[in-house]
Trainee: 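Attaching a single structure in structure tokens format; questions to follow.
Protein chains get the first letters and strands the later ones, always in sequence-line order, with residue 1 at the start of each. It should be emphasised that the depicted structure is a prediction, and the values quoted were computed from it without experimental measurement.
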Amino acid sequence: MVQGSWNYRTLIGGGFGFALLPVLRLVYGRDRERLRAAIERHTALFNCHPYLASLALGAVTALEVEGEDAVVVERFKTALRGSLGMLGDRLVWVGWRPVCLLVGMSISLAGAPWWVGALVFLALYNAGHLALRIWGFRLGLNYPRSIGERLRQAPLVRIQEWLMGAGAFLIGLVLPLVIVGAPARDRLQLASALPESWWWIVGAAGAALGVWLGGRARTIAAVALAAFTVLGLILGLMK
Amino acid sequence: MTLAALVLWGVVVGLDATSVAQTMLSRPLVACAVAGAILGHPVEGATLGVVLEIFALLVLPIGAVRYPESGVAGVASTYALVQGGEPELTAVPLLLAAVFALGWERVAGGSVTLLRRCNERLMADAPSRGAVDAGRLERLHLAAIACDAVRAGLVTLVGALAGRWLVSGLAGYWGLGDEAAFRALAIALAMAIGATLSLFGMERKRLVLLLIGVSCGLAILSFR
């Protein structure tokens, strides 16, 4: 729930303070003024990847329990902010999530029962997701002063590299299934024979155009699809 | 009753997207399949889910970027497909529901931006309205999550009703046949899948892996 009050000014600051409340109550419980000051400090601007927020939470918990100076804790959080954000974005949003989704989609497109692709995706993704959260929290809690070094020792770069390779393979796997439209053709009561050879060329050209356009392709494809839909409706009205 | 269950599922999906857990129930692949199951048409939901998921792959919630919310829009458009389409799934309602979802996810994304502006007033401006103690922080944080739940519910409900109206109203006017509708969708998806390669890089060894993947995909097709 660390992103529950996400906003453009303090980002996940409010959620970070909320998640830290049990620790702050334990450390400053009897001193209301110090508790209030600590809440104010920890609800200020903070941002990092939501899954790696557990690492920051673990480390700040350890520092607060040890009675570390507030200025040092603040400096520590500032140092952690950018690097945990970038690390999580590359590892999870760009790596783990699309790879797991492509696994789920390829299962669905290969003709498995409707629930299998979604279930495999959820199980696979969340196994990695929860493992990352737990690993991060334990790392932060046990080694708050050497997080940078520990992160460098962890095989994160290797994992990321492996995910990039797996992602490229899975895109290749999914592409012919999408061009043919399997298994949706059967479900949509369309002729299910393999398409004509020219269709393969059109499909491959579409994919190549997507590769060339990169991130812009999504909007362009969506707008082109909408325009085609409007054209089809206008032609239907004219008949 | 079914619509109420669907809206409730939309709330779960909306909360999962950012505010609570982020277990990816909010991905169209999952959200649409479950929405379809709630409506008694899981295959239709799962089919639409795969279509929307391919479009959603490229959306990355990095930093403070504003992005379309595909999960809630997927739930709404599944309702549009099942209730607005024909008894048997055909390509035209699928195309219309997908196009509607791609537009509605922008509306849903806009509502997320609006919510975050409200959170700014609720949370970031809180110290200017008095000291924030533990109890007040808890109330503010939970209030922000409650607002997100209401937002997701409303976006699902309005989207579902508007989508059903559009799909049922327009499907009869389609003039290019089912095959053309299906192929338009397939080519747009091929483009989106190609673009996803930009996430993984274009180095030589990745391209080799891509080609190996294509061979495996073709092998699967030939065994079907």
Side-chain angles (χ1 to χ4, degrees), chain A residues 1 3-5 7-10 14 17-18 21 36 39 50 89 93-94 98 104-105 108 110 114 118 121 125-126 164-165 167-169 171-181 184 187-188 190 203 206-207 209-211 213-214 217-218 221-222 225-226 228-229 232-233 235-237 239, chain B residues 18-20 22-24 29-30 33 42-43 46-47 50 57-58 60 62 64 89-91 99 102 116 119-120 123-124 131-134 137 141 144-145 170 173-176 182 184 186-201 206 209-210 213-214 216-218 220-221:
Chain A
M1 287 189 357
Q3 293 207 117
S5 54
N7 64 79
Y8 293 110
R9 217 174 321 151
T10 61
F18 176 82
L21 268 181
R36 203 169 283 178
I39 289 172
D89 289 344
W93 293 157
V94 179
M105 277 194 291
S108 291
W114 67 270
F121 159 68
Y125 178 84
N126 285 306
M164 299 292 116
F169 169 79
I171 283 180
L173 183 75
V174 164
L175 192 57
L177 303 175
V178 166
I179 292 173
V180 172
R187 292 174 185 166
L188 295 165
L190 295 167
L209 185 65
V211 171
L213 288 169
R218 182 183 194 275
L225 196 62
F228 180 79
T229 306
L233 291 170
L235 288 174
L237 274 169
K239 273 183 185 172
Chain B
T18 305
S19 295
V20 183
Q22 293 188 305
T23 54
M24 298 302 137
L29 183 70
V30 181
V43 174
T47 306
V50 170
L57 271 175
L58 270 173
L60 302 174
I62 288 176
L89 181 64
T90 54
V99 170
L102 291 171
R116 289 174 172 183
N119 284 348
E120 223 171 270
M123 194 57 100
V132 180
D133 57 21
L137 174 61
H141 191 70
I145 293 172
L170 294 177
Y173 293 108
W174 180 256
L176 293 174
F182 184 76
I187 203 76
L189 293 178
M191 225 172 124
I193 279 284
T196 308
L197 191 64
S198 64
L199 292 180
F200 305 119
R206 305 262 158 78
L209 284 165
L210 177 83
V214 170
C216 292
L218 290 171
I220 290 172
L221 279 176

Trainee: Please name the pair of heavy atoms, one in A/Ala168 and one in B/Phe200, separated by the smallest distance, quoted to 0.1 Å.
Mentor: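 Closest pair (atom of A/Ala168, atom of B/Phe200, distance): N-CD1, 3.9 Å.
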
Trainee: Using the test salt bridge (Lys or Arg N to Asp or Glu O under 4.0 Å), find all partners of B/Arg116 that sit at least two apart in sequence or belong to another chain.
Mentor: none

Trainee: Using a cut-off of under 4.5 Å for heavy-atom pairs, which of A/Gly236, A/Gly232, A/Gly14 has the most such pairs with chain B?
Mentor: A/Gly232

Trainee: Got a second to check how far A/Gln3's CD is from B/His141's NE2, nearest 0.5 Å?
Mentor: 9.5 Å

Trainee: Decide yes or no for B/Ile193 and A/Ile179: does some side-chain heavy atom of the first lie under 4.5 Å from some side-chain heavy atom of the second?
Mentor: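 No - every pair of side-chain heavy atoms lies 4.5 Å or more apart.
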
Trainee: Which atoms of B/Leu189 come close to chain A, meaning under 4.5 Å heavy atom to heavy atom: side chain ones, backbone ones, both, or neither?
Mentor: both

Trainee: In terms of heavy-atom proximity below 4.5 Å to chain A, should B/Ile220 be classed as side chain, backbone, both, or neither?
Mentor: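 For B/Ile220, the contact with chain A is made by the side chain alone.
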
Trainee: Please round to the nearest 0.5 Å and tell me the distance separating atom CD1 of B/Ile62 and atom CG of A/Asp89.
Mentor: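 Those atoms lie 4.5 Å apart.
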
Trainee: Which heavy-atom pair separates A/Leu225 from B/Ala188 by the least distance, and what is that distance?
Mentor: CD1-CB, 4.0 Å

Trainee: How long is the straight-line distance from CG of B/Leu102 back to CZ of A/Arg218, given to the nearest 0.5 Å?
Mentor: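 Answer for the CZ-CG pair, A/Arg218 versus B/Leu102, is 6.5 Å.
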
Trainee: Quick check: closest heavy atoms across A/Met105 and B/Leu29, and the distance to 0.1 Å?
Mentor: CG-CD1, 4.0 Å

Trainee: Could you state the interatomic distance from CG (B/Leu57) to CD1 (A/Ile171), rounded to the nearest 0.5 Å?
Mentor: 7.5 Å

Trainee: Is chain A contacted by the side chain of B/Val214, its backbone, both, or neither, given a heavy-atom distance below 4.5 Å?
Mentor: both

Trainee: Which bit of B/Ser198 is near chain A, if near means a heavy-atom gap under 4.5 Å: side chain, backbone, both or neither?
Mentor: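 Only the side chain of B/Ser198 comes within 4.5 Å of chain A.
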
Trainee: Checking heavy atoms, do the side chain of A/Phe18, its backbone, both or neither come under 4.5 Å from chain B?
Mentor: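 Both backbone and side chain.
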
Trainee: Select, from B/Ala144, B/Gly201, B/Ala186, B/Pro42, the one with the greatest count of heavy-atom pairs under 4.5 Å involving chain A.
Mentor: B/Pro42

Trainee: Which one wins on heavy-atom pair count under 4.5 Å against chain B: A/Leu233, A/Thr10, A/Leu209, A/Ile39?
Mentor: A/Leu233

Trainee: So which residue, A/Leu177, A/Val174, A/Leu213, A/Leu21, ends up with the most heavy-atom pairs under 4.5 Å with chain B?
Mentor: A/Leu21

Trainee: Restricting to non-hydrogen atoms, name the atom on B/Ala195 and the atom on A/Ala217 that form the minimum distance, rounded to 0.1 Å.
Mentor: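 Heavy atoms of B/Ala195 and A/Ala217 come nearest at CB-CB, 3.4 Å.
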
Trainee: Measuring from atom CG of A/Leu237 to atom OH of B/Tyr173, what distance do you get when rounded to the nearest 0.5 angstrom?
Mentor: 6.5 Å

Trainee: At a heavy-atom separation under 4.5 Å, does A/Thr229 approach chain B through its side chain, its backbone, both, or neither?
Mentor: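 For A/Thr229, backbone and side chain are both near chain B.
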
Trainee: Could you have a look at A/Gly165, A/Ser108, A/Gly203, A/Ala226 and say which one has the most heavy-atom pairs with chain B under 4.5 angstrom?
Mentor: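 Top count of heavy-atom pairs under 4.5 Å with chain B: A/Gly165.
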
Trainee: Can you confirm whether A/Tyr125 sits close enough to B/Thr23 that some side-chain heavy atom of one is under 4.5 Å from a side-chain heavy atom of the other?
Mentor: no

Trainee: What residue, out of A/Gly17, A/Pro98, A/Ala222, has the most heavy-atom pairs lying under 4.5 Å from chain B?
Mentor: A/Pro98

Trainee: Can you name the residues that form a side chain to side chain contact (heavy atoms under 4.5 Å, CB included) with B/Ile187, not counting sequence neighbours?
Mentor: A/Trp199, A/Val202

Trainee: Which of the residues B/Ala134, B/Ala192, B/Cys216 is involved in the greatest number of heavy-atom pairs with chain A at under 4.5 angstrom?
Mentor: B/Ala134

Trainee: Distance check, rounded to the nearest 0.5 Å: B/Leu197 atom CG versus A/Met164 atom CE?
Mentor: 11.0 Å

Trainee: I'd like to know which of A/Ala118, A/Gly210, A/Pro50 tops the heavy-atom pair count under 4.5 Å against chain B.
Mentor: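 Most heavy-atom pairs under 4.5 Å with chain B: A/Gly210.
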
Trainee: Shortest non-hydrogen contact from B/Ala33 to A/Trp114?
Mentor: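 That closest heavy-atom pairing would be O-CZ3, 3.8 Å.
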
